[in-house]
Amino acid sequence: MTADVGTQPSVTQRIGSALISAARQLIVPALAVVSALILGAVVIILSDPKFVSLLGTDIGGAFGAGFRSVLAAYGGLLKGSVGSPDAISETFLRATPLILAGLAVALGFRAGLFNIGAEGQIYIGGMFATIVGINFDGMPTFIHLPLAVAAGFVGGALWGFIPGILKARTGAHEVITTIMLNYVSYRVIDFALHQPLLQRPDRSDPVSRFVLDSATLPPLFGDTRVHWGLVIALAAAVAVSWLLFRSTKGFEFRAVGLNPSAAGYAGMNISRTIILTMMISGGLAGLAGAGEILGTNHRLTPLFSPGWGFDAIALALLGGSRPIGVVGAALVFGALRAGAAPMQAATGIPIDLVVVIQALVIMFIAAPALVRGIYRIKVGKPTGTEISIKGWGA
Amino acid sequence: MGRVTTLAAAIPRGGISRARQRGYGILYLVLAAVIAFIFGNVPGGSETTFGMNVGRGVAVPNLVLPSAGAAYLLAALAAAAGAIQLTRGFGARWALALTGVIVIFAFAFLTWIAADGQVNLAGILQATLQLSVPITFGAMSGILCERSGVVNIAIEGMLLSGAFASAVVASATGNHWIGIVAAIIVGGLLAALLAVLAIRYLVNQIIAGVVINIFATGVTSFLASRVLAHYPDLNNPERFGPIVLPVLSDLPFVGGILFRQNLFIYACIACLVILHFMLFSTRWGLRVRAVGEHPLAADTVGISVFFVRYRNVIGTFEKEMTAGHGFIGLAAMIFGGWAPFGSFLAGLVFGFADAVQTRLSILHVGLPTQFLQMVPYLVTIVVVAGLVGRVRAPAADGRPYVKE
């Protein structure tokens with residue numbers, strides 16, 4: 001009996017070990033974010049004109065000025081992201097497309113595909129949603145709005161289908177094809193916005209007509225800017241989680257991602273899995289574009305995405321390609337994005353600082369050995385980020 | 001990977017599989033049909049005038065061709081190539097045939113687009129050579145890295161930060177030579193970062209490359225907004241003017257195209273020769289090609305940077321100015337079969353697409369400019385889709401090496 005008690009962990013022990021393993025999983029992402037913020041501070045200091053000009057004469061004063069810049073920048077970021085109800089609404093608003101785009105990339109990672117084309121898929125999805133959203137006057141909201149959102153998914157899925165079928169049929173590496181399709185998509189949008197189908201009749205610059213009220217995503221609370229797109233994003237996270245870990249298709253995705261040859265021998269259709277993954281991945285990114293058009297911008301403009309498709313790569317890595325992780329990471333990045341504009345307005349430090357921090361985050365996440373080396377801690381292998389991307393020949 | 005190696009073993013050296021032969025043959029016939037029925041479909045009696053002069057060499061009279069007749073002739077040539085490909089095959093010369101048909105198609109396109117008008121052929125060819133340089137340099141970097149087993153997808157980021165560094169340093173010092181050195185150093189640092197991440201910390205090479213690209217975009221955009229916006233003097237480098245070679249530059253037609261170019265084109269060709277010699281004729285090259293993954297790979301990545309800078313010929317730095325040229329360079333590398341001169345030929349194809357695109361955008365021809373701007377990217381996709389897996393990649397490409 002006593003031996004049995006010894007082998008059966010008590011409830012508190014089990015909760016304790018679950019907490020420890022959760023903490024283990026969080027430690028690398030957390031340290032990565034902290035390290036990126038520290039290095040970001042170095043970039044701010046080194047690029048501070050005051051710091052540079054004082055360096056020769058007054059080293060103490062130079063570093064004082066540098067640190068004041070860092071405090072101002074990070075203080076501005078914090079204030080703009082969580083400092084007020086409006087700021088918090090802004091954080092969730094910014095997180096909405098990031099969640100969807102991050103899910104898109106994470107799903108690809110699970111199937112061994114590196115979808116760098118989320119950016120282009122966002123644009124094409126946004127364009128499809130706009131086409132539906134500005135037409136069909138008089139259609140009731142409960143038909144028009146779902147139709148416009150679905151159009152966004154379809155647009156993104158089509159744009160994801162192209163690299164999918166190219167990879168499945170010819171072995172063309174999706175990294176190159178998706179990046180090239182990003183550049184193509186900018187031109188497609190620019191072209192479409194000069195056509196009478198989309199362009200506002202009274203304007204000569206590339207701006208679309210406004211989305212009709214019946215296709216607009218309403219605000220979530222009163223008159224805050226955060227809208228029902230957030231609900232769609234969270235629902236998508238649940239759906240992707242179910243798809244990946246509870247469905248047969250998701251099992252195939254993961255099997256193909258982990259070991260394509262074994263999956264092939266087990267009778268799974270690798271080509272079809274690749275195409276389907278890229279389509280769903282593209283569709284999720286397309287939803288991000290649709291949400292932004294239907295909920296925030298209400299019209300299509302060129303370059304309406306400030307690079308969410310690229311942020312998404314960082315998010316998928318930071319979130320360990322787990323939907324819940326992606327949502328958490330998107331909230332962090334949403335806060336960075338929401339705080340960046342007020343920071344720039346208050347301190348003059350450019351928004352692009354956020355991109356630098358994000359790149360550093362990915363670097364630290366992708367190299368757990370680096371974090372281990374810097375902080376002299378034991379961290380396990382990266383769990384969940386089973387990424388198996390190979391060279392051209394594979 | 002296994003599939004590719006067996007494929008390579010099953011077909012004669014340099015040749016391509018039967019299905020591919022048929023595919024290319026059909027492609028040539030389709031292109032011939034496009035040339036005959038679309039490019040040949042011009043108002044009767046219209047003529048295309050090709051300007052043959054650039055610079056101040058011995059003047060050559062303009063080449064005036066009947067638009068429709070030229071198109072039919074070119075269509076016939078393409079159709080003949082298709083027929084040969086389908087029956088006898090070109091054997092090991094398939095790449096040459098492909099290049100030939102691409103040139104025919106491009107020329108037919110020009111006669112169509114400029115029917116009843118004029119295009120400056122010499123000018124386009126000069127621009128082609130110019131625009132192929134950054135692509136070829138990028139491809140050379142890719143070749144060096146990939147021959148040693150490291151996939152270098154960070155070329156884009158290296159080009160971008162090299163351009164930034166050279167613009168700033170050349171402006172600050174007033175000496176564009178120091179600007180080049182700065183570009184090489186910055187490119188080298190990024191390459192070293194890639195090497196450390198990929199080899200020491202075993203980061204997936206593609207992810208490491210993407211990180212460097214994002215990082216380079218972020219840092220250069222950040223610094224451009226934070227520093228260059230306030231100190232425009234730092235973004236005003238002296239430019240490299242054309243080096244006019246005496247006598248040679250006076251040759252008719254080719255003089256202006258080949259011998260009235262800036263330093264980088266000559267440097268590019270010199271580098272091609274050196275790289276070719278180093279890779280295929282020296283012990284070092286043999287080692288690089290043999291080891292695949294090895295600490296040596298770190299050295300190679302480090303060396304791979306001499307290419308980085310080109311862009312300050314164009315002058316000032318702009319955010320995200322490279323617009324995918326690094327990736328087009330990768331495609332050129334694949335198209336060229338991981339060999340220096342092959343990738344130069346591929347670089348010329350991309351350069352031509354770019355040159356034609358910019359000129360036609362100004363001319364306001366029938367096609368919307370957006371579609372013309374897509375062309376280089378679409379060509380890249382077609383190249384990557386059409387040739388990856390058919391051209392043999394270095395065997396250990398992309399695999400981290402862990403000592404047993």
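Below, chain A is the first sequence line, B the second, and so on; all start at residue 1. Side chains included, hydrogens not; waters and symmetry mates left out as well; all remaining heavy atoms used.
Using a 4.5 Å cut-off between heavy atoms, A/Ile165 makes no contact with chain B at all. For A/Ile357, no part sits under 4.5 Å from any heavy atom of chain B, backbone or side chain. When heavy atoms are compared at a cutoff of 4.5 Å, A/Ile116 approaches chain B solely by way of its side chain, counted from C-beta outward. In this structure, chain B has heavy atoms under 4.5 Å from both the backbone and the side chain of A/Val188.
Side chains of A/Phe191 and B/Met374 form no contact here, defined as non-hydrogen atoms less than 4.5 Å apart.
For B/Val219, the side-chain contact (heavy atoms from CB on, under 4.5 Å) partners are A/Val356, B/Phe215, B/Leu223, not counting sequence neighbours. For A/Ile270, the side-chain contact (heavy atoms from CB on, under 4.5 Å) test picks out A/Val256, A/Pro260, A/Ile274, with sequence neighbours left out.
Among A/Val184, A/Asn182, A/Ile162, the residue with the largest count of heavy-atom pairs under 4.5 Å with chain B is A/Val184.
A/Leu166 approaches B/Ile381 most closely through the heavy-atom pair CD1-CG2, 3.5 Å.
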